[in-house]
Amino acid sequence: MLRKFPRPIKRVVVKVGSSVIATYKLKPRTAHLRSIVGQICEAMRNDVEVILVSSGAIVLGLGELGLRTRPSDLASLQAIAAIGQTILMRIYTDFFKKNKSKCGQVLLTWDDFDNRVRYTNASNTFQAMLEKGIVPIVNENDTISTEEIKFGDNDKLSALVASSVRADLLLILSDVEGLYDTSSADKKIFEEVKEITQEIEEVASGTTKKIMSRGGMTAKLAAIKIATHAQVPCVIAHGEAKNVLARVLNGERVGTFFMEKEEKLLARKHWIFFGVKPKGILFVDEGAKNALLKGGRSLLLPGVVSWEGHFKKNDVVIVKDARHQEIARGISNYSISDLHQIEEKKGKPEVIHCDDLVLSER
Ligand code: GLU
């Protein structure tokens, strides 16, 4: 029986990891990349729009310089990414050309999602490229990404892109066949995951990180949560599986399928919760915590016990309880200096309005 997607797939984000792109000697896997580009062009001929999120800048840069390990300092890593990204794009451009198609490079940092205007600009650029039949090839802008504005891994980047362009599917191609069920004796993969529960997360945390993959399965699941909350279903499959893109699009049961959430998190709330790096923390008392957990309540100043960070008015902050457990995220109506000034807590000013608040239990 074929898989049923919630809607026909007209737009797909395909993420390819470094292990799919480079050999263990950190050289490009040319035949493989040719095949992936061929599959993308085939999908486009069948009226499916494709955005490719491709890693590989760092591994190809390392390979080009004859290095086998990542340098620990940021500037060297950025220089290496600069070298590798041009190699990567040259390969893609050549293969797309051979398929009589075009591609273009889009480099993003988390800042671009943090800022609503830039976020909209990026979405408009994707739209314009797709309308012209150009495949956007997205990567993190490693050459300028500092810790502050880093995504950390391209799984997350691909999920944010898929959410922002309202993709019908996110396909993560990796060097594993899917999510392995480590509890089964024959280590089969899960064919379908309805919900990322704690057990599923525990299964995933067993994966080790390698030079090729930044976050392993844990990072993939975190990314899948982002996408499924925007009602984008996801598939993790092996990048080398034959004709993988067409087969997944046809509904064949390759890899692990993660169903979209029944309830869609509104775009603005999705952005507050997943798209922005929080700038501070508000610690609240039990009363405020209980009120927030009931839902539909604003966070009022008397319930805020202390705060930390460097946030301005309208920045996203995390709300934590006395045991430092995260309970929500939201947009603060006050900067940290405002909070210092309104010491006497007269009245009950709203620190976070309920429309700007998203509970973390998800
Ligand atoms: N942006 C990095 C690169 O192109 C990869 C990050 C990742 O693999 O998640 O090398």
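For the single chain, residues carry numbers from 1 onward in sequence order. Note that ligands are numbered from 1 as they come in the structure, with each ligand's atoms numbered from 1 the same way.
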Leu60, Asp153, Asp142, Leu107: member with heavy atom nearest to atom 1 (N) of ligand 1
Asp142

With heavy-atom distances below 4.0 Å as the criterion, list the atoms of ligand 1 near Gly56.
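Close to Gly56: 3 (C), 4 (O), 10 (O).
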
Sub-4.0 Å atoms of ligand 1 with respect to non-hydrogen atoms of Ser18:
8 (O)

Answer with yes or no whether the side chains of [Y] and [X] bring together a donor and an acceptor at under 3.5 Å.
| X | Y | result |
| --- | --- | --- |
| Gln78 | Thr143 | no |
| Thr228 | Glu260 | no |
| Asp338 | Ser335 | yes |
| Ser35 | Gln39 | yes |

Out of Ser55, Ser18, Pro28, which residue meets the side-chain contact (heavy atoms from CB on, under 4.5 Å) rule with Leu60?
Pro28

Would one find an N or O of Ser54, backbone or side chain, under 3.5 Å from an N or O of ligand 1?
no

Look only at interatomic distance and state if Val59 has a nitrogen or oxygen under 3.5 Å from any nitrogen or oxygen of ligand 1.
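Val59 vs ligand 1: no N/O contact under 3.5 Å.
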
With a 4.0 Å cut-off on heavy atoms, is Gly17 in contact with ligand 1?
no

State plainly whether the residues Glu191 and Arg3 are in salt-bridge range, i.e. N to O under 4.0 Å.
no

Where's the contact between Asn139 and ligand 1, heavy-atom distance under 4.0 Å: side chain, backbone, both or neither?
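Just the side chain.
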
Report the part of Ala57 in contact with ligand 1, treating N, CA, C, O as backbone and CB onward as side chain, heavy atoms under 4.0 Å; options are side chain, backbone, both, neither.
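Near ligand 1, Ala57 shows its backbone as well as its side chain.
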
